[in-house]
Structure formats: C-alpha cells, structure tokens
Amino acid sequence: MTVVPGKPRPHHLMRKEQWTTYLLMALPGFALYCVFLITPIVMGIYYSLTDWTGIGTTFNFIGIDNYVKVLTSDRRFGNALIFNLRYTIFLVLGIVVLGFILAMLLDRKMKGRTFFRTLYFMPAVLSMITIGLVFKQVYFYVLPSIGKAIGSATLSENIIANRQLAIYGILFVHLWQGLALPTLLFLAGLQTIPADLYEAASIDGANAWHRFRSITVPYMMPTLSVVLVLAVKQGLNVFDYINSMTKGGPGGATTSIALLIWQNAWERNRFSYAIAQAVITGLIIAVISFIQIKYTNGKKVE
C-alpha cells in the first residue's frame with residue numbers, strides 16, 4: 001500500500017508496527033525466561049521419569065516409578081510433608097497475625113516512625129544461613145544460661161536438640177527475619193485505604209471492631225493474598241534455617257521436604273528421585289496457592 005505524504009498513516013499499519021515493537025522488546029526477556037525457567041522444568045520432569053543418578057551419562061527410562069514410590073512407600077517423604085504442613089500452618093498464622101499488628105502499630109503517627117520502620121526491616125537483608133548459625137549458638141550457649149539463671153527447666157536445655165521443641169525454635173528464627181516483608185506489604189496496603197471511610201463509619205456509630213471487620217479486612221484482601229502465597233511457599237520450601245541449625249535432627253524431627261530432596265540428590269545420588277519429590281512439592285504448593293487466591297479474591301472489595 002502506498003502512503004500519500006501529508007496524510008495520516010492507516011490505522012492498521014500503525015497497530016502492526018506497535019505489535020512488532022512490543023514483540024521485539026519482549027523477545028529478550030522471553031528467551032531468558034525459556035532458557036532459565038521453562039527448559040530446566042521440562043528437563044527436570046523428563047529426568048524424574050528415569051533412574052539418573054546425577055553423575056553418569058547413561059540412564060534408563062522408568063516411567064512414573066519414582067512418583068509411585070514417593071506417594072506410596074516413602075515414609076521419610078510422608079513425615080517430611082507432615083512436618084512442613086505443621087510448620088506452614090504455624091508460620092502463616094504468625095506472619096499474618098503479627099505482621100498485621102506490627103503494620104497497624106507502624107502506621108500510627110508517632111515520633112521516629114521512619115527510623116523504627118527502617119530498623120525493623122533490617123533483618124530481611126541478612127542471610128538466612130548466617131542468621132541460622134547465629135541463633136544456633138544462641139540456643140546452645142546463651143538461652144540455657146539464661147534458663148538456669150531464672151530457674152526455667154524448659155529454657156535450661158538446647159531447644160533445637162529437643163524433638164518436641166525444635167520446630168518452635170526454628171519457627172521463631174523464621175518469624176524474626178520473615179516478618180519484615182509481610183509487615184511492609186501490610187503497611188503499604190493500610191495506607192491505600194481511604195480515611196474518609198473510617199470517618200464516615202465513626203459518624204454512623206461503628207466501633208473499632210466493626211471498622212476493622214467491614215473496612216480494613218476487605219480492603220486488605222489483595223495484600224493478604226500476596227502475603228499468604230509468600231508465607232505458604234516459604235513454609236513448604238523451608239531449607240536454610242533447618243540446614244544451618246539442626247540438619248533435620250534431632251532424630252529426623254525437623255527434616256523438611258526441601259532438606260530431604262537435597263539429601264537424596266547430593267548425599268545419596270538419587271537425582272531423578274529427588275526431582276520427582278520436587279515436582280510433587282511444586283504441585284502441592286500450586287494447588288494450595290490456587291485455593292487460597294480464589295478464596296481471598298472472593299472476599300476483596302471490587
């Protein structure tokens with residue numbers, strides 16, 4: 001088609017050029033996405049259907065045998081899954097409740113508010129391995145000394161060496177560092193709620209609980225959905241804290257799925273089996289995340 005000088009270009013030509021520009025701009029990112037995400041996932045699923053050890057160049061195709069073993073006869077995976085589910089429930093409750101409370105406190109007008117926000121966010125920039133090693137020494141040396149000084153039998157022993165208490169010792173460390181980002185997200189969400197709604201509700205006679213239930217919670221649902229996804233993912237994938245503090249002990253009481261996958265891959269040379277466990281774990285996380293997103297989306301304000 002010949003374009004006459006001085007006249008506007010045809011609309012369909014402009015749209016075609018725009019789409020061409022969009023595709024060219026998106027191509028590098030899409031290529032990187034395929035190379036570093038899609039391709040490893042596809043290769044991982046393929047290797048999970050083999051008996052590859054991770055070392056040799058030869059392996060046999062065994063179909064879904066690895067998946068059948070994981071789901072039917074692997075007691076270690078079942079115990080690790082139960083541990084992760086318990087850990088995730090405690091973690092989600094702690095992050096949502098404590099994060100929301102801290103966000104509401106930090107949202108109040110007070111002197112030094114910016115300083116406290118910055119100070120509270122500092123643990124989030126530290127390495128999880130470093131924090132785990134530090135608290136391991138705290139639980140081993142500092143806390144028992146304090147427990148003996150105050151006459152507490154529970155605190156007089158190393159918490160992470162106790163089968164019943166080890167999960168709570170790890171959970172405390174996780175919450176200490178992991179609350180920073182959810183609190184920041186909750187704080188940002190609180191600042192998007194129109195103040196006029198609270199004023200109108202107060203004029204209508206609504207008390208603090210009614211304002212919280214009818215205004216704050218519905219408006220915070222999108223933020224809550226993001227926080228829940230992040231917390232569930234962290235709980236089901238917890239590895240660094242456990243690896244640096246307990247190595248899955250005592251007696252396997254704190255063995256998580258991620259640690260079990262790492263042990264199968266790097267200590268037992270069962271790479272294909274470890275990949276099958278990772279695929280199953282990914283599907284569990286996807287299903288749980290989908291359910292909670294659907295639920296929270298139904299509660300949010302349109």
Exercise for the section: Go through L91 and V238 one step at a time and tell me if the side chain to side chain contact (heavy atoms under 4.5 Å, CB included) criterion holds. Expected result: CA-CA 11 Å; L91 182 67; V238 59; over 6 Å; no
Practice task
Go through the steps to decide whether L126 and M122 satisfy the test side chain to side chain contact (heavy atoms under 4.5 Å, CB included), and finish with yes or no.
Solution key: CA-CA 7 Å; L126 300 176; M122 285 183 63; over 6 Å; no
Practice task
Starting from the C-alpha separation in whole Å, work towards a yes-or-no answer on side chain to side chain contact (heavy atoms under 4.5 Å, CB included) for L23 and F30.
Solution key: CA-CA 10 Å; L23 291 175; F30 179 73; over 6 Å; no
Practice task
Start with the C-alpha distance between T246 and T254, add both sets of side-chain angles, then the distance that settles side-chain hydrogen bond (donor to acceptor under 3.5 Å, both in side chains), and finish with yes or no.
Solution key: CA-CA 7 Å; T246 65; T254 60; 2.8 Å; yes
Practice task
In sequence, state the C-alpha distance, the side-chain angles, and the governing distance for M104 and D107, and then conclude on side chain to side chain contact (heavy atoms under 4.5 Å, CB included).
Solution key: CA-CA 5 Å; M104 295 185 70; D107 192 44; 5.6 Å; no
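A continuous path of hydrophobic side-chain contacts links L105 to V97 [ILVMFWY only; heavy atoms under 4.5 Å]. In the hydrophobic clustering of this structure, I45 groups with I38; members are Ile, Leu, Val, Met, Phe, Trp, Tyr whose side-chain heavy atoms approach within less than 4.5 Å, directly or through other members. Both V42 and Y33 are members of a single hydrophobic cluster when ILVMFWY side chains are connected at heavy-atom separations under 4.5 Å. Grouping the Ile, Leu, Val, Met, Phe, Trp and Tyr side chains by contacts below 4.5 angstrom, directly or via other members, places F290 apart from I41. Neither F61 nor I55 shares a network with the other; the hydrophobic side chains, linked directly or stepwise wherever heavy atoms of I, L, V, M, F, W or Y lie under 4.5 Å apart, form separate groups for each.
Across G147 and L155, no two heavy atoms sit closer than the pair CA-CB, 3.7 Å. In terms of heavy-atom proximity, L190 sits nearest to T216 at CD2-CG2, 3.8 Å. Looking at every heavy atom in both residues, F77 comes nearest to I280 through CZ-CG2, 4.1 Å. Summarising the geometry of I95 relative to F186, their closest heavy-atom pair is O-CE1, 4.1 Å, with the distance given to 0.1 Å. Contact record, T281 with L236: CG2-O, 4.3 Å, taken as the closest heavy-atom pair. Minimum interatomic distance between L185 and V227 (heavy atoms only, all atoms of both residues): CD1-CG2, 4.0 Å.
In this structure the side chain of N237 reaches within 4.5 angstrom of the side chain of I285, judged on heavy atoms. A 4.5 Å side-chain heavy-atom check between N60 and T50 finds every atom pair outside the cut-off. By the 4.5 Å heavy-atom criterion applied to side chains, F135 and I170 are not counted as neighbours. Taking the side chain as every heavy atom from C-beta outward, Y67 and L49 approach each other to under 4.5 Å.
Counting Ile, Leu, Val, Met, Phe, Trp and Tyr side chains that sit under 4.5 Å apart, directly or through other members, I291 shares a hydrophobic cluster with V287. Applying the under-4.5 Å side-chain rule to Ile, Leu, Val, Met, Phe, Trp and Tyr, the cluster around L32 extends to V35, F36. With side-chain heavy atoms closer than 4.5 Å counting as contact, directly or through intermediates, the hydrophobic cluster containing I129 also holds L133. I89 belongs to a hydrophobic cluster with L93, counting contacts under 4.5 Å between side-chain heavy atoms of Ile, Leu, Val, Met, Phe, Trp and Tyr, direct or through other members.
Evaluation of the side-chain hydrogen bond (donor to acceptor under 3.5 Å, both in side chains) test over residues 167-189, restricted to residues two or more places apart or in two chains, returns Y87-H174, H174-Q234, Q177-Y241. The list of side-chain hydrogen bond (donor to acceptor under 3.5 Å, both in side chains) pairs with a residue in residues 131-149, not counting sequence neighbours, is empty.
The six-membered or imidazole ring of F212 lies near that of F100, with a centre-to-centre distance under 6.0 Å.
Remark: R211 pairs with S202 by the side-chain hydrogen bond (donor to acceptor under 3.5 Å, both in side chains) rule, at least two apart or across chains. For P194, the side-chain contact (heavy atoms from CB on, under 4.5 Å) partners two or more places apart in sequence, or in a different chain, are L197, Y219. With sequence neighbours excluded, the residues satisfying side-chain contact (heavy atoms from CB on, under 4.5 Å) with I275 are Y47, S48, V279. Legend: residues meeting side-chain contact (heavy atoms from CB on, under 4.5 Å) with P250, ordered by chain and number and at least two apart, are R163, A166, A253. Partners of F271 by side-chain contact (heavy atoms from CB on, under 4.5 Å), not counting sequence neighbours, listed by chain and number: W52, A265, W266. Every residue two or more places apart in sequence or in another chain was checked for a side-chain hydrogen bond (donor to acceptor under 3.5 Å, both in side chains) with T88, and none qualifies.
For the atom pair CE (M128) and CG (N243), the distance works out to 11.0 Å, reported to the nearest 0.5 Å. Going from atom OG1 of T20 over to atom CG of L24 covers 6.5 Å, rounded to the nearest 0.5 Å. Atom-to-atom distance recorded for L260:CG and L81:CG is 10.5 Å, nearest 0.5 angstrom. The distance from atom CG of N84 to atom OG1 of T255, rounded to the nearest 0.5 Å, is 10.0 Å. Interatomic distance, L27 CG to C34 SG, rounded to the nearest 0.5 Å: 9.5 Å. Between the CD1 atom of I284 and the OG atom of S289 there is a distance of 11.5 Å, given to the nearest 0.5 Å.
When atom types are taken as modelled, the side chain of S225 and the backbone of M221 share no donor-acceptor pair closer than 3.5 angstrom.
The aromatic rings of Y46 and F59 lie perpendicular to each other, with more than 60° between the two planes, well past the 30° mark.
A donor-acceptor contact closer than 3.5 angstrom links the side chains of D74 and Q277.
Geometrically, R270 engages Y273 in a cation-pi contact defined by less than 6.0 Å to the ring centre and at most 45° from the axis.
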